[in-house]
Amino acid sequence: MAVDPPLAAKSAGAGTYVNRALFILLIGASLVMFSPLMPRQDWQNTFATYFISIVLEAVPYILIGSLLAGLIELFLPATLLPRLTKRLGLLGIPATALVAPIFPACECGVLAVARGLLRKGLPLPHTVTYLLAGPIMNPTVLFTTWLAFQDARYPILRALGALFVAITVGLIIWRVDPRRILLPRISESLGKGDDHAHDHHGHGHDHQHGDACGDACHDHPAPVVNLGAALKQPGVAVASLPTPTPTAATPIAARRSLRQTMGQLSAHVIDHFLEMAAFFLMGVFIAAAMKTWYPTENLTLVATSVLLAPLAMMLMAFILSLCAEADAFVAASFTEFSRATLPMASPALLAFLVFGPMFDIKLLLMYRVVFRTWFIAAIALAMAVLVLVYVLALVPVLDQTLTGMGIGRGAL
Amino acid sequence: MNPARLIQSIGWMAFLGLMLAGGSYAAYIAKFQLWVLIAATAMFALLVLIDAVVNRSDHHHDHDHHDHDHGTATDRWVQTLVHLLPLFLFMTMGVTTLGSQSLSGITRPAPHSVLSSKYAQGDDKPAPSAPAQPAATTAPNTVAETPPASATPPVLLDGPTPAEPLATPSTAADPATPAAVPLPLMELYYPKKHRGVTRIETIGRLMIPTPEEIAKVPPEMDRADLKLLLYRYVMTCCAADATPVFVVLRGREPSELKVDDWVKITGTWIPAPALGDMAKIEVDTLTVIEQPAEPFLQAPKE
């Protein structure tokens, strides 16, 4: 297999070395911890149970997310999202958060979908908004939240919290140069402005057409939106650029045979999945270690503190790395926190419910597939502050309003 | 498909296939996830097959297809080992489950979702006052309006047949003693759902609380009998969200028993006297068994 020298050289940045070191560390740790020569320990059972269960639960959703991303890549008209977001301007950010249920994905699969949307011309602030709001705005997640608490305030306040945080983060990064946020290879691939993104003429890979194929059966759609230009203009969203007239090549799937379409779809899905799964496994490994050895019940000691309780619960959500569809049941089991605030909806539990699907250990590692480290740290901090502001300042008012409307325990 | 990518894909298919084929998934994820897992595994296998056939014949797919960083050959092989980690762990450890090491004290008898939910056929709270009397004389105060225990349709006990046959209950010869009704441990917090049931049979693991753990028990919980407990985890989606359900075992000395042994208990059920307190079992027989194929109980769903 030939390796494209320029790409390989470009990818060997500091981030690549860090990732390589982390992966080697992960493999080494696994071999030491689970050496067949080592006598069986209780913690090994616990660790393996957590690790395998999280993997088994999340993998189908990562695959589904990758499939959605592949379908978006192949079938979503390339002009649609840029045109829509251009028309909506700044309002496009709240609109993106509100329509997130159209592309329902849990937090494990949402990154794949978000990448697909980004490649289809959704501006970065909108994409980040979708990434953060998507898992919580998922109807299944909101339903299970109601199921766990039997209280309609919790899913409503959870959804409002997700919208507040996601939209605010989207607005904060509105003027930030996407090249400062995205990893170089991600922004480079967008910068090529090539929908199909494998630049036959630019980087000389070993891509070979069959004799009977040629360019005629392998579409090379013209760049319909100049993503590269957008990336070179800090503060200018892709959507704000003039939209070029679609060319004859725009109906991407139109000239593909079924065989080619399936071939491209399978390549997309497998690539997406395998790339994210490696980082996901690293995140799950750390989460399983934390769950095995870190006594999270210590965090419940601060249940009565107004400020520390939400912070502790956000830390708990980060460590536990639960699926958004199950975390409400776990949250409901932290009776120490709900007892402290009854009959109000618990700010600490809401902090857990809003923060968890946006940022946990496994997501931290998965975000490294797309975003620069400084940006991950910055949005983590911004989200923590925003969630805190939301649960301490807005939730009491919203809670009172909902209760005044007769919405509460047992009602929906 | 390049070799590293092919091995990664095969590694995932082998892991998912083993989990499904051997039924091991039941030890890790909730039953409702099974169809999602089957669908995802089938889809992945199909896509790998298509990729191997179509993309191999149409064109070599070795290039940087999108924004994926295939990196150097070293990176690809390092990542391949990472992808094989779930398979490695499963092959090394076999089917695992959570034990007492994962218990975070005994501050509550059961998950909040179990105790206060309305899932269990109209029983949203344990009975406010169930008599905590010795087994032989326990008579449910609702017995007159409910059918006798023997007429109650038995609730299927999850898990396989115990490895050792259950010892013949000492009361078997006594026609006045009701037969033991198999109940999953969680159901012991739904006395109204099982009205008239006094003798039960259940499966769980043993726990002997330490003095430190007993000291942390909330004041509203009765500490008198916290010498020997039976526990079992309840999962909602997967083992990572599992929380334990406890009941107190009376009539057996902890010194005779081993922590984390799987046991089958037959005895008299004494429901929790109040929300937040523990149900109890006056033990007639205690038999050590193999770990069930489904070590976790499933959280009730609407």
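Computed from a predicted structure; not experimentally measured. Just so we're on the same page: letters track the sequence lines, and every chain starts at 1.
- Listed by sequence position, B/W12, B/F15, B/L16 are the residues of residues 11-18 of chain B in contact with chain A, using a 4.5 angstrom heavy-atom cutoff.
- There is a side-chain donor-acceptor pair under 3.5 Å between B/T96 and A/T49.
- With respect to chain A, the highest number of heavy-atom pairs below 4.5 Å among B/T74, B/D260, B/L37 belongs to B/L37.
- Summarising the geometry of B/P86 relative to A/F51, their closest heavy-atom pair is CA-CE2, 4.0 Å, with the distance given to 0.1 Å.
- Of the listed residues (A/S30, A/S66, A/S266), the one with the most heavy-atom contacts under 4.5 Å to chain B is A/S266.
- Taking CG of A/L26 as the reference point, atom CG of B/L81 lies at 10.0 Å (rounded to 0.5 Å).
- Comparing A/L281, A/V55, A/V284 by heavy-atom pairs within less than 4.5 Å of chain B, the highest count is held by A/L281.
- The environment of B/M91 atom CE is sparse: at most 12 non-hydrogen atoms of other residues, nucleotides or ligands sit within 6.0 angstrom.
- With rounding to the nearest 0.5 angstrom, the CD atom of A/Q44 is 10.5 Å from the CD atom of B/Q101.
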Checklist entry - Can B/M19 and A/I52 be said to form a side-chain contact (heavy atoms from CB on, under 4.5 Å), step by step? => result CA-CA 10 Å; B/M19 281 289 165; A/I52 293 176; 3.4 Å; yes
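- Between A/Y61 and B/Q33, the side chains place a donor N or O and an acceptor N or O closer than 3.5 Å (distance only, hydrogens not considered).
- Closest approach of A/G263 and B/V54 over heavy atoms only: CA-CG1, 3.8 Å.
- In this structure, chain B has heavy atoms under 4.5 Å from both the backbone and the side chain of A/T292.
- Put simply, CG on A/N45 and CD on B/Q291 are 8.0 Å apart, with the number rounded to the nearest 0.5 Å.
- In this structure, A/R40 contributes its side chain and B/M93 its backbone to a donor-acceptor pair below 3.5 Å.
- Residue contact with chain A, scored on non-hydrogen atoms closer than 4.5 Å, involves the side chain of B/I29 exclusively.
- A/F285 CZ to B/L85 CG: the interatomic distance, rounded to the nearest 0.5 Å, is 6.5 Å.
- Going from atom CG of A/L63 over to atom OG1 of B/T41 covers 8.0 Å, rounded to the nearest 0.5 Å.
- Residues A/L274 and B/R5 are in side-chain contact: their nearest non-hydrogen atoms beyond the backbone lie under 4.5 Å apart.
- Once rounded to the nearest 0.5 Å, the distance linking CG of B/D51 with CE of A/M262 reads 10.5 Å.
- Across B/M43 and A/L67, no two heavy atoms sit closer than the pair SD-CD2, 3.4 Å.
- Here the closest heavy-atom approach between residue A/A278 and residue B/Q79 is recorded as CB-OE1, 3.9 Å.
- In terms of non-hydrogen atom pairs under 4.5 Å with chain B, the most contact-rich of A/L56, A/D42, A/I27, A/L265 is A/L56.
- Of the residues considered (B/F90, B/Y28, B/F88, B/F44), B/Y28 shows the highest number of contacts with chain A, using heavy-atom pairs under 4.5 Å.
- Of all non-hydrogen atoms in A/Y50 and B/A239, the two that sit nearest each other are CE2-O, 3.9 Å.
- For chain A, the option among B/A40, B/A242, B/A240 with the highest count of heavy-atom pairs below 4.5 Å is B/A240.
- Heavy-atom distances place no part of A/V370 under 4.5 Å from chain B, backbone and side chain included.
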